[in-house]
Amino acid sequence: MISCGLDLGSSLVKGALVEDGKKLLATATHPVRGNLAEGGREVLEQMAGEENLLPGEIDYLCTTGFGRYMFPERQLQVSDFTSSAKGALFLYPATRHVLDVGAQSSRAMAVSLTGKVVKFKMNEKCAAGAGRFVERCSKYLQVPLEEMATRALAAEKPRLISSVCAVLAETEIINNVAEEIPLPDILMGVYLSLAQRAFGLMRYVGIDPEVTLVGGLVHSPAMVRAVQETTHLKVNAEPLGHHAAAIGAALLGYQRSLKLARERAGTGS
Amino acid sequence: MAVLPIHYPKEILTALDILAVEMWGPPGPPRGAAAGRIQSYVCAVVRNALAFLASGGAEVVDGVLFPHTCDSLQGLATQATDLGGWGKAAFVFQHPRGGERASARRFALEELRSLARELEAWTGRSLSPELLAAAIRLHDEIDGCRASLLDGRARLPIGDPELYALLRRGEWLWPEEHLAELRSAVGRLGPEPAQTGLPLLVTGYVPEPMSLLATLNDAGAFVAADDYAAVGRRVVRRNGVADADPWADLISRYLAHPPCPTRGTDLAVRMRHLVSLAEASGALGVLVHVQKFCEPELFDVPAILAAFTARGLPVLVLEGELERSLSGQAETRVEAFVELLRARGRAA
Amino acid sequence: MKLAAGIDIGSTTAKCVILKDSQVVASSLNPVGVNIVRDAEEALRKALAEASIDRSEVGFVTGTGYGRYKISFGQLTVTEISCHARGAHLLFPGTRLVIDIGGQDTKAIRVSERGEVVDFAMNDKCAAGTGRFLDVCAGALGFDVAEIGPLSLQARHPVKVSSTCTVFAESEVTSHVSRGKDPKDILAGLHTSIANRSLSLLQRVGIEPEVTFTGGVSRNEGMVRSLSARLGLPVNVSPLSQYMGAIGAALMGEERLKGGAAQ
């Protein structure tokens, strides 16, 4: 049986195809341009094409992410908390702690053995703890966003940022530039500051020897290093972590379809 | 032996020839996996101590003593021994709650005797009544000097950073060495006031960062009355031995400490004490210098604010987290507070 | 008697005022860069040049503001809190409460009838509620910060801005624009947001008339209106409001020149 998970985000749609709740068949990503549902269909076709599947051969479709209600063909929708926890556990079965630093918000989640979120702490009120901080820095430092992380990696003596506000930090960062602090050191300071905020959230839910990163931050080697250096924990970060929510949605969709099948069998007998 | 920096029976350690070194951990935000074992809403003293122990800080000591003064320290005592590779002796003891009561004396006596037995077994030394009595005399003498310096603060011709560096060396020096330094400082007490700044009452856990004191002095104020838990509240003022039996005397000495929320003092008793400290020193303002999430201190802050505001003494509450240095904003707050007090002085 | 100069080095601008018999005879304003000492000297030089005063006529220089320690050529440094109180009291003797909204912090100061600080509260950790919030959001709307005040007064259906964080408010502004909201209505919402933040700071020290509004943001009449509406009280503003810190600093220097504190 093949289940599909679609993670409909504000800028990207991520998808995952899973067979029998065990095997990850394919993943795909598509930028959102205008219509979310269109982006979702695009991702679906891309994955189906890769696996030579007809759309009808996908048995169950579950959506997640902020646009989860905007995909009419869905059979189920789950919140991205539930789905990313489930997906993280699929990728790293020893995971008990999941960290997601997104553009608008960040959150730390403690996860049970079965992938249920048992405790979480979230920041969505302050940009200093979110990816938006990096985006702003990229603008006023005139470093392309794609290059921020790789250039930060060259840091030798990262310059920490004392301000707790993303806007007030700008003045501090501009002063650092004026003081001729090397750019990589300044950039790494930005990532470390984000990681410190994230660590604050993590401590609220309780620390575990390893933490699994999910969401777009897995593509940022500087963020991964910053989390590593700040927490001194084993940090699981692989590109598939970006699709954790989609994978989790596919798994949850599979579970739901099994349950439905059992119920049908139950009423039939 | 490393000790968490709050009230503990130093007399017993001295009598057994154990050097107490108080552990504040490195200042700054705690890092490392161990820092995460404790929630972010626990005070920096405990978080730093845990991070410090976990990062090998315990290697330079033979054992650690955890006084149970608050839930956070108590929690630390259970967690610290859990750390991987921890092979050091760990000791705990409980403070009696409340003031002079027969039950409190009994409880304290049992706690201290049992701690002493553990320490005897650990060191292989024996604690005779004579050794204990001598240690009590030594600490009475140290406290006598510290009390002279604090009570005669205005007549001491040195700045606060220098005075506190001296007082706080007691956190890690052998008591005899500390006493010698204190005695020579007492010799510098003059007959006339030597401080021209505005007198303040300062209360809180610990004067960290120490640069706060320099900022205060530069702004034209000084600590005239000290109620820091780690400094003034550990100074016993008493005239000679109260009990012939050294154990009973140890308890009497313990109960003679100034009121402190970590020892469960009644709030009304503490407020009377603070008010009398302010009156005796002629303090013109009150600086409440608390550490973030330090619950015993924080619970009393509203009462302190209310009591001194009612008496017309301005209060500044400054919250810190054992930072390396005072932030520019905090400096501005302190300076503006001193300016406010000076303006009031002129108006009066 | 010689003249007294006050220099206020803020986060974005350096202001200098020269006082003669407690009257402002010259003032200057210039942006601050990395070299604060030079900016402070420049502020003094410009003020002197404006009124053709010779440097030797100035008998006392007082520094204030976050860069006060850098004014090495001065005789005294005082915090901006005391200076705003004294300055506001000089211009509006009935002042009992000062709200100072600057480039990156906001202060509420309760003042005695002698112009001295009784109590104060500060927001200096977050750009929300400060001049920076307006700068950033005005930028998102494509306006210069100088024009947003009058425009906000033309609003007919003010929009609610719910984000506290400046960065998120900026996005919120963009999304309001994309949904076709009138920029004037959005501006009104931004002003209300700052007024709300200010009100909670003022409540911490106690609200008592008269209220004097100082700092760079006080030049914004939309902000004056919305603060006054939120407080339910009239608000004193002077064309010199932005110079209030420098005026207070110079005033304290003048007192020293007169020989000690004015009793």
Side-chain angles (χ1 to χ4, degrees), chain B residues 29 40 196-198 200 211-212 214-221 284-290 292-293 301-302 304-321 323 325-348, chain C residues 8-11 36 62-70 76-87 89 98 100 102 104-127 130 204-206 245 248-249 251-252 255-256 258 260-263:
Chain B
S40 49
T196 52
L198 288 162
L200 296 185
S211 65
L212 167 69
T215 302
L216 269 183
N217 286 178
D218 291 347
L284 295 174
V286 180
L287 174 61
V288 180
H289 178 209
V290 283
K292 212 169 177 175
F293 307 120
V301 172
I304 295 174
L305 269 167
F308 286 106
T309 312
R311 295 179 161 262
L313 279 194
V315 183
L316 176 73
V317 180
L318 195 69
E319 197 175 59
E321 246 189 311
E323 306 91 337
S325 61
L326 212 58
S327 70
Q329 287 94 338
E331 269 178 18
T332 297
R333 277 169 213 240
V334 171
E335 284 178 30
F337 183 62
V338 177
E339 287 168 6
L340 174 163
L341 295 177
R342 194 177 301 126
R344 279 171 57 98
R346 275 201 302 275
Chain C
D8 178 3
I9 308 289
S11 57
I36 292 174
T62 309
T64 187
Y66 102 103
R68 60 188 177 278
Y69 308 106
K70 299 286 175 77
L76 175 69
T77 61
V78 186
T79 63
E80 54 274 32
I81 295 167
S82 297
C83 289
H84 276 267
R86 294 302 306 275
H89 179 258
V98 177
D100 164 27
Q104 46 189 21
D105 61 10
T106 305
K107 301 181 188 85
I109 310 162
R110 208 144 53 78
V111 181
S112 73
E113 59 273 6
R114 295 164 45 88
E116 280 154 350
V117 180
V118 178
D119 199 1
F120 61 91
M122 301 164 73
N123 162 34
D124 48 21
K125 290 206 168 67
C126 163
T130 72
R204 273 163 57 189
V205 299
L251 195 60
M252 290 194 220
E255 282 169 5
R256 295 290 178 107
K258 283 181 190 156
Q263 296 295 327

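Reminder, nothing fancy here: chain letters follow the sequence lines and each chain counts from 1.
For chain B, no part of C:Y66 is nearby; none of its heavy atoms comes within less than 4.5 Å. Neither the backbone nor the side chain of B:L341 comes within less than 4.5 Å of any heavy atom in chain C. Neither the backbone nor the side chain of C:D105 comes within less than 4.5 Å of any heavy atom in chain B. Both the backbone and the side chain of B:R333 come within contact range of chain C, each with at least one heavy atom under 4.5 Å from a heavy atom of that chain. Interface remark: C:V78 contributes backbone and side-chain atoms alike to the contact with chain B (heavy atom separation under 4.5 Å).
Listed by chain and number, the residues in a side-chain contact (heavy atoms from CB on, under 4.5 Å) with B:L326 are B:P209, B:S211, B:L212, B:T215, B:A330, B:E331 (sequence neighbours excluded).
Between C:V117 and B:L340, the closest heavy-atom pair is O-CG, 3.0 Å. Closest approach of C:T64 and C:A249 over heavy atoms only: CG2-CB, 4.0 Å.
Salt-bridge annotation for B:E339 and C:R86: absent, with no side-chain N of the basic residue lying under 4.0 Å from a carboxylate O of the acidic one.
Under the 4.5 Å side-chain criterion, counting only non-hydrogen atoms from C-beta, C:K107 is not in contact with C:V205.
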